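I'd like to ask some things about the structure below.
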Amino acid sequence: MVPAPSSPALTPALLTAIAERFGTPTWVYDLDAMDAAACALEAAFDGAPHLVAYAVKANSAGPLLKRFAARGLGADVVSGVELALALATGISPEKIVFSGVAKTNDEIDRALLAGDRGILALQAESAEELHRIAARATTLGRIARVAIRINPELASIDTHQGIATGHDDAKFGVPVSDLAPAYAALAAPSLAFQGLSVHAGSQLLSTGDYLDAARILLQTAKDCPRRSELRFLDSGGGFGIDYGDQEPVPPARFVAETRALCKEFGFGDLPLHIEPGRVLVAPYGHLLTRVVQRKEVNAGGGKRRWLMIDAGMNDLVRPAMYQARHRVTPVAGVDSLKNCIDFRVVGPICESSDDFGFHRLPEDLPDGALVLLRDGGAYGYPMASRYNGRGFAAEVFVTGGTVGAAKEREPEQAFLDDRLRF
Ligand code: LLP
């Protein structure tokens, strides 16, 4: 018997019970495993001053944010709504940084008005934004704590081009070769400069590009005309995970090597911030879905075999958007790989790109069988849509071996109401 590989807490019996109670597709998250990943990353700092600012965009579910808040994590938010979520789930404004290239005045105001003195840092991505933050702070009678997100202008970044951010034609950050206008903007009396940040890209499997970006961050800090004002450096997120055939460097090693670099540059005592999203949640969340039916035809000089499931690109868009591969695993396990054949697993959406790729699955997998689309704990639900009139899937957090917090599938009526609301 080849076991169904997923989080050990997510047993076939539990998954089957969840499918019966909540229907399919349903997101199932192993909250304790996410918590353990967060603790391990905290421990990687060995007590040195730091902030793990969880990138809320990866998975913004309340129960998860509350657990991370209780663990002392901070948050990297990219919208006013994410800021409100972080605050509502107990993350202190002193641990919140706000990234994003197009923060609106309203979002800036919300950041400045959080808590007694606003959030820890608005991470500005342009000189123009710094001017706008300064003006808002003046209007509100606040001092805005700001950082500058640099763009390290890396020549290449070893990841999918849709999630690379640290190259010079990306919209993100202030290019290191053109920092003067941003530094000049810091002269505004309503701004308090706090630090520098960088984010090279996402799903980085080795430390090379991350450290290249960190080295540029550190050199920039060393050359910074306001070096003495620095309160932190932020080397960003991007730690990759194994989606099936990758061998990512563990996140603790990213941290250890970045810390070593900080010491080398003389910044060993300055708090180091990181902004991990995916690595803390992706491997511990899966989309529980059912086989609707198979379709077999003779075409193109051979047999074509599709396995249609009841989850689509509206639930998990990563394969359609980034050609990402998520493993597909029968919940009941696989008796023998000998009896497996290749199926092209597809969803119900009327788009050719609603395609999860070829997967080796039991030849006799029956209609109605439960399968997991794996490792979707990050950028799964948050990127979902209601395309084709499909409501948002249910979400279930498993904790202590049983169903903890859970939320039903969005009722069909919600879609009807929205479309008929005019
Ligand atoms: N910090 C900043 C400034 C970011 O832009 C991001 C991700 C993160 C932190 C967190 O990166 P992570 O540790 O999760 O790699 N939707 C894509 C990923 C987009 C990432 C956007 N920025 C995907 O599904 O792969």
Side-chain angles (χ1 to χ4, degrees), residues 34 37-38 41 51-60 64 68 73-79 82 86 96-103 121-126 129 147-152 157-167 170-174 195-207 209-210 213-214 217 233-243 246 248-251 254-255 258 272-285 287 313 315-326 373-385:
M34 292 174 172
L41 204 48
L51 178 70
V52 177
Y54 168 63
V56 171
K57 65 172 91 75
N59 186 328
S60 53
L64 172 67
F68 280 178
L73 267 65
D76 167 43
V77 301
V78 293
S79 68
E82 282 192 2
I96 299 178
V97 294
F98 194 153
S99 308
V101 294
K103 303 174 191 81
L122 278 148
Q123 311 212 120
E125 308 221 11
S126 61
E129 186 189 344
I148 297 176
R149 174 174 175 181
I150 62 160
N151 182 320
I157 301 155
D158 191 11
T159 189
H160 188 278
Q161 61 162 10
I163 53 177
T165 48
H167 51 89
K171 65 181 175 178
F172 300 101
V174 181
L196 296 166
S197 73
V198 75
H199 176 76
S202 206
Q203 183 56 7
L204 306 175
L205 295 169
S206 62
T207 53
D209 295 332
Y210 192 86
L217 177 79
L233 292 173
D234 181 334
S235 52
F239 312 143
I241 68 136
D242 176 18
Y243 282 102
Q246 288 123 334
V249 166
F254 277 87
V255 170
T258 309
L272 175 64
H273 294 186
I274 56 170
E275 301 171 355
R278 181 188 325 261
V279 79
L280 297 180
V281 291
Y284 317 113
L287 188 55
M313 63 188 283
D315 298 297
L316 177 63
V317 77
R318 301 191 69 258
M321 199 159 163
Y322 316 109
Q323 298 72 52
R325 188 172 167 81
H326 286 260
L373 259 174
R374 293 184 51 192
D375 309 309
Y379 307 115
Y381 186 93
M383 296 180 79
S385 76

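Just so you know, ligand 1 is whichever comes first in the structure, and atom 1 is the first atom listed for that ligand. Source: prediction; values computed, not measured.
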Study note, to complete from the structure: Sorted by chain and number, sequence neighbours left out, ring-ring contact (aromatic ring centres under 6.0 Å, His included) with His199 holds for none

Study note, to complete from the structure: One should read off an interatomic distance between Thr159 OG1 and Tyr322 OH, to the nearest 0.5 angstrom, of 10.0 Å

**Study point:** Point-to-point distance, once rounded to the nearest 0.5 Å, from CE of Met321 to NE2 of His160
**Key:** 9.5 Å

**Study point:** Results of side chain to side chain contact (heavy atoms under 4.5 Å, CB included) for Val255 - residues two or more places apart only
**Key:** Leu41, Ala44, Phe45, Arg259, Ile274

Study note, to complete from the structure: Less than 4.0 Å from some atom of ligand 1, heavy atoms are found in residues Ala55, Lys57, Asp76, Arg149, Ile163, His199, Ser202, Gln203, Gly237, Gly238, Glu275, Pro276, Gly277, Arg278, Arg318, Tyr322, Tyr379, Met383

Check your understanding: Should Phe98 and Glu82 count as side-chain neighbours, where that means a heavy-atom distance under 4.5 Å?
Key -> no

Please list, one pair per line, the donor and acceptor atoms closer than 3.5 Å that link side chains of residues 234-243 to other protein atoms, with sequence neighbours excluded.
| unit_1 | atom_1 | unit_2 | atom_2 | d |
| --- | --- | --- | --- | --- |
| Asp234 | OD1 | Gly236 | N | 2.8 |
| Ser235 | OG | Tyr210 | OH | 2.9 |
| Asp242 | OD1 | Gly244 | N | 2.7 |
| Asp242 | OD1 | Asp245 | N | 3.3 |
| Asp242 | OD1 | Gln246 | N | 2.9 |
| Tyr243 | OH | Arg278 | NH1 | 2.8 |

